[in-house]
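Notes follow once the structure below has been shown.
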Protein chains: 2
Amino acid sequence: MLQELKEAYGFIFEEELLKEIEHTGVLKFAREGEIIMDINDYISSMPLLLEGAIKILREDKEGNELLLYFLERGDTCALTLSCCLGQTKSEVRAVAERDTRFIMIPVSKIEEWTAKYKSWRNFVFESYHSRLTEMLETIDTLAFMNMDKRLLRYLQDKAKINQSEELQVTHQQVAYDLNTSRVVVSRLLKKLEMEGKILLQRNSIVVHEL
Amino acid sequence: MLQELKEAYGFIFEEELLKEIEHTGVLKFAREGEIIMDINDYISSMPLLLEGAIKILREDKEGNELLLYFLERGDTCALTLSCCLGQTKSEVRAVAERDTRFIMIPVSKIEEWTAKYKSWRNFVFESYHSRLTEMLETIDTLAFMNMDKRLLRYLQDKAKINQSEELQVTHQQVAYDLNTSRVVVSRLLKKLEMEGKILLQRNSIVVHEL
DNA sequence: CATTTGCAGTAACAAAAGTTACAGTTTTTT
DNA sequence: AAAAAACTGTAACTTTTGTTACTGCAAATG
């Protein structure tokens with residue numbers, strides 16, 4: 001585990017903290033599609049991503065979903081952090097976007113390290129900053145962009161996070177993430193294909209403009 | 001200043017910290033409508049609200065605006081905090097919703113107190129939590145609600161923050177906050193009036209359901 | 001191999017939101 | 001007092017998004 005830890009966090013944390021993480025953290029693994037954390041779950045530990053990617057979703061009372069953002073190696077979820085420290089339930093759902101490896105850190109250590117290590121404090125604040133920024137970007141897309149732009153942006157983000165131009169998704173899955181309908185997605189995808197920005201295949205979308 | 005400080009923050013901060021705040025903080029005053037902090041401003045201090053209310057806005061490249069949330073007594077802006085600590089430019093605009101009194105705390109002290117006072121650490125984390133929660137609510141309204149619901153919710157929030165059922169606003173001002181057009185606002189306001197939820201007058205809207 | 005299921009394409013229509021234009025007020029300015 | 005500016009209401013129309021329904025095709029299943 002130490003080797004993997006160093007690759008993802010060696011540049012931010014000092015040797016001693018890495019050792020502590022290795023010692024107290026619990027290594028976990030989630031298969032693609034697995035729900036790592038759900039809405040209303042009580043959270044008592046936070047994840048440090050080693051490999052893979054996680055998508056964070058919001059849901060309303062009717063069960064409509066919306067993708068908030070992706071997490072990748074070196075990230076943690078500030079919303080989870082916030083839940084941990086405030087002893088509240090999770091406001092979001094975390095789903096493995098790909099097969100994912102991560103380390104879970106218990107709340108007690110989070111607080112302890114905040115007092116003990118400056119690098120950890122910085123990491124925590126940095127995480128809050130990143131997540132706030134990503135939430136702002138999400139708000140931007142919702143408030144200022146039409147569905148066609150949102151869709152293209154989504155495809156580009158997803159391609160980046162999966163490190164592949166070819167996305168193995170159905171139109172329905174895309175529709176869920178964007179909280180719209182399958183028909184709307186099919187329609188706009190066709191338009192994007194006409195414009196030469198993507199290529200449509202059965203169960204897969206190839207994104208050209210990255 | 002101490003008296004005012006105690007009223008707003010006496011229950012959260014210990015005596016010693018209150019004294020430090022009184023000593024290093026700079027008391028400021030902003031008239032209704034005044035821009036307290038703008039997009040791309042470099043931020044080196046964070047505000048603690050004593051009296052009044054501030055609205056936080058987002059803007060895109062075309063100049064379209066969107067209200068994110070309100071701050072009131074006892075609040076601080078986690079986005080500002082985040083900017084301070086990360087030495088980055090402001091991502092949002094802060095405008096005095098009413099005449100407002102607040103204390104500005106320089107970055108150096110923010111960091112110093114984070115190490116020194118547990119109550120301050122809690123306050124900082126609590127602020128992050130509140131702001132993340134409010135951003136999530138903003139996202140909910142954008143992603144899951146139609147304009148009529150968003151409008152009613154906006155009016156209720158605004159009435160609450162201004163501690164008055166009667167809002168002195170024009171339809172155009174409402175339209176700016178919700179990033180829609182004046183005509184749409186007028187149309188939906190009329191519908192809300194028909195449903196008995198509000199009363200329309202020139203330059204003012206009376207909100208019944210709170 | 002026949003059947004069922006899941007996926008994509010598209011038409012036709014409905015609802016929500018945005019746009020343009022103009023009229024009738026009230027308020028402010030000159 | 002007359003003119004200009006600001007505010008609201010509304011009609012008519014467009015664009016965007018959502019919904020329903022049906023088709024054809026591919027993949028999975030028995």
Side-chain angles (χ1 to χ4, degrees), chain A residues 32-33 60 62-67 138-155 158 166-207, chain B residues 32-33 60 62-67 138-155 158 166-207:
Chain A
E32 181 176 329
D60 73 354
E62 275 87 42
N64 300 304
E65 279 190 359
L66 181 83
L67 170 71
T138 304
I139 288 175
D140 286 348
T141 63
L142 289 168
F144 304 128
M145 286 161 62
N146 283 347
M147 193 56 85
D148 52 350
K149 300 251 181 196
R150 281 182 60 201
L151 176 57
L152 182 57
R153 209 189 134 93
Y154 166 83
L155 295 174
K158 198 172 168 86
E166 184 170 355
L167 304 173
Q168 304 286 332
V169 282
T170 67
H171 297 185
Q172 182 61 71
Q173 288 173 300
V174 173
Y176 284 139
D177 281 350
L178 295 174
N179 186 40
T180 180
S181 76
R182 199 272 308 167
V183 179
V184 169
V185 170
S186 294
R187 185 155 67 206
L188 296 176
L189 281 175
K190 208 71 209 168
K191 207 184 87 188
L192 289 176
E193 190 179 40
M194 300 282 215
E195 294 167 358
K197 292 175 180 162
I198 61 171
L199 177 66
L200 296 178
Q201 292 164 353
R202 190 183 174 85
N203 288 319
S204 106
I205 302 168
V206 180
V207 187
Chain B
E32 181 176 330
D60 75 353
E62 275 87 43
N64 302 303
E65 279 190 358
L66 181 83
L67 170 69
T138 303
I139 288 175
D140 286 348
T141 63
L142 289 168
F144 304 128
M145 286 160 62
N146 283 346
M147 193 56 85
D148 52 351
K149 301 252 181 197
R150 281 181 61 201
L151 176 58
L152 182 56
R153 210 189 132 93
Y154 165 83
L155 295 174
K158 198 169 167 87
E166 184 169 356
L167 304 173
Q168 304 287 331
V169 280
T170 68
H171 299 184
Q172 183 61 70
Q173 288 173 299
V174 173
Y176 284 139
D177 281 349
L178 295 174
N179 186 39
T180 180
S181 76
R182 199 273 307 168
V183 179
V184 169
V185 170
S186 294
R187 186 154 68 206
L188 295 177
L189 280 175
K190 207 70 210 171
K191 209 184 86 187
L192 288 176
E193 189 180 38
M194 300 283 214
E195 295 167 357
K197 292 174 181 162
I198 59 172
L199 177 66
L200 297 178
Q201 293 162 353
R202 190 182 174 86
N203 286 319
S204 106
I205 302 168
V206 180
V207 187

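Excluded from the calculations below are hydrogen atoms, water molecules and symmetry mates; all remaining heavy atoms, backbone and side chain alike, are included. Order of the sequence lines sets the chain letters (A, B, ...), proteins ahead of strands, with each chain counted from 1.
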Rounded to whole Å, the CD-P distance (B/Gln201 to C/dT27) equals 12 Å
Main-chain N/O of A/Glu62 paired with A/Asp60 side-chain donor or acceptor, under 3.5 Å: yes
So with a 6.0 Å cut-off around CZ of B/Phe144, is the heavy-atom count from everything else above 12? yes
Rounding to an integer number of Å, can you tell me how far A/Leu142 CG sits from D/dT17 P? 12 Å
Side chains of B/Asn203 and B/Thr170, heavy atoms from C-beta outward: is any pair under 4.5 Å? yes
Distance in angstrom units between B/Leu189 CG and D/dC7 P, rounded: 15 Å
Quick check on C/dA17: is either OP1 or OP2 less than 4.0 Å from any side-chain nitrogen or oxygen of B/Asn146? yes
Within-4.5 Å side-chain heavy-atom neighbours: A/Lys158 and A/Val169: yes
Only residue of B/Lys191, B/Lys197, B/Lys190 satisfying side chain to side chain donor-acceptor pair (under 3.5 Å) with B/Glu193 is B/Lys190
CD1 of A/Ile198 versus C1' of C/dA8: gap in Å, rounded? 13 Å
Just the rounded figure in Å: distance from P of C/dA16 to CG of B/Leu188. 10 Å
Indicate for each nucleotide in nucleotides 18-25 of chain D, in 5' to 3' sequence, whether protein heavy atoms under 4.0 Å reach the base (B), only the sugar-phosphate (S), or nothing (-). BBBB----
Taking CG from B/Leu151 and C1' from C/dA17, how many angstroms apart are they, rounded to a whole number? 13 Å
Using whole Å, what does the distance between atom P of nucleotide C/dA8 and atom NE2 of A/His171 come to? 4 Å
Whole-Å distance between D/dT17 C1' and B/Phe144 CZ? 16 Å
Any B/Leu66 side-chain heavy atom under 4.5 Å of B/Asp177 side chain: no
